[in-house]
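Just below is one structure, and these are the notes that go with it.
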Protein chains: 2
Amino acid sequence: MSGKLNATCFGCQVRHSTEWCALNDEELALLDGIKIPKAYEAGTTLFHQGDDCDGIYCMSSGLVGVRRLDAAGNSTLVRLCGPGETIGYRSFLKKSGHRSTAEIMMPSVVCFIRRTTVRTLLEQNPNLGLRFLDHTLKDAEEFEDRHFESVTFTVRSRLLSLLMVLYERFGQLNENGEPVLELPISRQDIAALIGASPETISRSIGAVQDEGLAQFRGRKVLFHNLDAVLQQLPAA
Amino acid sequence: MSGKLNATCFGCQVRHSTEWCALNDEELALLDGIKIPKAYEAGTTLFHQGDDCDGIYCMSSGLVGVRRLDAAGNSTLVRLCGPGETIGYRSFLKKSGHRSTAEIMMPSVVCFIRRTTVRTLLEQNPNLGLRFLDHTLKDAEEFEDRHFESVTFTVRSRLLSLLMVLYERFGQLNENGEPVLELPISRQDIAALIGASPETISRSIGAVQDEGLAQFRGRKVLFHNLDAVLQQLPAA
DNA sequence: CGTCTGGTTGATCTAGATCAACAGGAGTGG
DNA sequence: CCACTCCTGTTGATCTAGATCAACCAGACG
């Protein structure tokens, strides 16, 4: 229930990184009047795998995790979405049900935009469609790359790579000017995201720590040598 | 240099499964006059990874393999494209260079459509854009699924799965009415496609054979029990 | 207090990679 | 015709990353 809830799209900090930057003022006003912003607590969900897609979600702040159920029924985290990202747009475009579950990972403000609204905007402004196309292309590439990586790279590499991605989004400098990262997700989720067992992640973290690259205490990570980590990353 | 080379888009057998089915007769006539059909020998390439994207390719017949170079410089087969499939459209849409190399795997007839032509058609007919969007969405999903599979499934499962995909496209019934498949690619390529070493593939094939599911002689595969194979496939 | 959940650690197991030798064509050249 | 190399595939022996199983620990929470 933060003040952000009352903010308009015009004032939205993250708008310029979203699809909606294709809209003109008039269209933005329409969107602004009709969008449904809402604050969510951690642990709640936006939608479930299999649900009909009634519209799309646009993240203003916070973090949501996208999970998918495998055949055996265990859900695994497949991706994270932060501020400025649009969620559920592929199901919307495909006019199909959601292929995954979107779960709030930390307190978040998310705007919901009804299916009909999006459709209207799409008809009015072809540029918006192009933005969505761009986004889809990026997604396809990302999955293509990740597929490639998961066969080629070792767990350790993927772990370091994930840490860097998270650092970009959540990293800070502490009072001593050292780079620190407060992990937003559990080790189990890290394991799922990387495609490894929790035990292996635990050991892998231990190894990274032993090498002096970083220090892990609970969910706090202190990097002793960020450059060294970056150098160890595969070309990608 | 088959007769197909002179055929028009109107007579194209595979048109209905391509993006171009969105075109009306007038647009199709334009495309027909300006497209550049060509017959390729096996071993030649349509374009190389890193090349600028001058247009897109539409397969009329044959088979092309899409290969990608990893950091170490070895190229691995990442997908196969058959009749009716459009190649290189994502690089075109992204206005970026090609991310992979397209190599002719068997004698093929492929039509080339210049960038400018596609752009003109896209401007004339928004439905065409939607088709491309659809295709991209499908691609994204496919990669998403494959990523999922490659972590979850065993090499054997993936091999059987690939065999079934190939059977759908190249399978036939022999004189005894038994299902047979002439493999269009080498074992090494099978290995790359599945993400395993050639040796493992060889052994895996041996195992499948020992179980009596199929018989391999060179590139010929004789299925003794197609249903049994299908039953062993993971849910996907 | 007990109970639960998330995490760590140790012991063991296994799918698959890697290394190495070898066998069957398919040319190619004498 | 044989000898040579080159290429693809098979097979065997060995190695290893990571999974699995199991015990255990530390907070959180009733």
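The chains referred to below are lettered A, B, ... by the order of the sequence lines, with proteins before strands, and numbering in each begins at 1.
Residue B:I205 contributes atom CD1, which lies 10 Å from atom C1' of D:dT10 at whole-angstrom precision. A straight line from CG of A:D189 to P of C:dG6 spans 10 Å, rounded to a whole angstrom. Residue B:Q188 contributes atom CD, which lies 12 Å from atom C1' of D:dT10 at whole-angstrom precision. Regarding A:R187, its CZ atom lies at a distance of 13 Å from the P atom of C:dG6, rounded to whole Å. Distance B:I190 CD1 to D:dG9 P: 8 Å, rounded to the nearest Å. Remark: C1' of D:dT8 and CG of B:L183 are 14 Å apart, rounded to the nearest angstrom.
Residues A:R99 and B:D145 are paired through a salt bridge, judged by an N-O separation under 4.0 Å between the basic side chain and the carboxylate. Classification of A:R169 and A:E85 as a salt-bridged pair holds, one side-chain N sitting under 4.0 Å from a carboxylate O.
In the region residues 206-218 of chain A, proximity to DNA chain C at under 4.0 angstrom, judged on heavy atoms, holds for none of the residues.
Under the salt bridge (charged side-chain N to carboxylate O under 4.0 Å, His left out) criterion, the residue pairs touching residues 196-212 of chain B are B:R156-B:E211, with sequence neighbours excluded. Residue pairs meeting the side chain to side chain donor-acceptor pair (under 3.5 Å) criterion with at least one partner in residues 102-115 of chain B, sequence neighbours excluded, are B:R67-B:E103.
Aromatic ring pairs are classed by plane angle as parallel below 30°, tilted from 30° to 60° and perpendicular above 60°; the pair B:Y167 and B:F223 is perpendicular.
Checking C:dG6, D:dT11, C:dT9 against every side-chain atom of B:S202, the shortest atom distance belongs to D:dT11.
The C1' atoms of five pairs define one axis at each end of the helix from C:dC1-D:dG30 to C:dA26-D:dT5, and these two axes lie 20° apart (to 10°).
Heavy atoms of other residues, nucleotides or ligands lying less than 6.0 angstrom from CG of A:N225 number more than 12.
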Could you run down the sub-3.5 Å N/O contacts of the protein with nucleotides 13-18 of chain C?
| unit_1 | atom_1 | unit_2 | atom_2 | d |
| --- | --- | --- | --- | --- |
| C:dG16 | OP1 | B:T154 | OG1 | 3.3 |
| C:dG16 | OP1 | B:V155 | N | 3.0 |
| C:dG16 | OP2 | B:T154 | OG1 | 3.4 |
| C:dA17 | OP1 | B:S197 | N | 3.3 |
| C:dA17 | OP2 | B:S197 | N | 3.3 |
| C:dA17 | OP2 | B:S197 | OG | 3.0 |
| C:dA17 | OP2 | B:T200 | OG1 | 2.3 |
| C:dT18 | O4 | B:R203 | NH2 | 3.1 |

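Taking the six-membered ring for Trp and the full ring otherwise, the centers of A:F153 and A:F148 sit at least 6.0 Å from each other. If you look at A:F143 and B:H147, their ring centroids are not closer than 6.0 Å.
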Quick one: side chains of residues 174-184 of chain B, donor-acceptor pairs under 3.5 Å with protein atoms, not counting sequence neighbours, listed by atom name and distance.
| unit_1 | atom_1 | unit_2 | atom_2 | d |
| --- | --- | --- | --- | --- |
| B:N174 | OD1 | B:N176 | N | 2.9 |
| B:N174 | OD1 | B:G177 | N | 3.1 |
| B:N174 | OD1 | B:E178 | N | 2.8 |
| B:N174 | ND2 | B:E178 | OE1 | 3.2 |
| B:E182 | OE1 | B:K220 | NZ | 2.5 |

Exercise. Take B:Q49 and B:S100 through the test side-chain hydrogen bond (donor to acceptor under 3.5 Å, both in side chains) and record every step on the way to the result.
Key: CA-CA 4 Å; B:Q49 184 167 339; B:S100 46; over 6 Å; no

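A distance-only check finds a donor-acceptor pair linking the side chain of B:Q209 to the backbone of B:F216 [under 3.5 Å].
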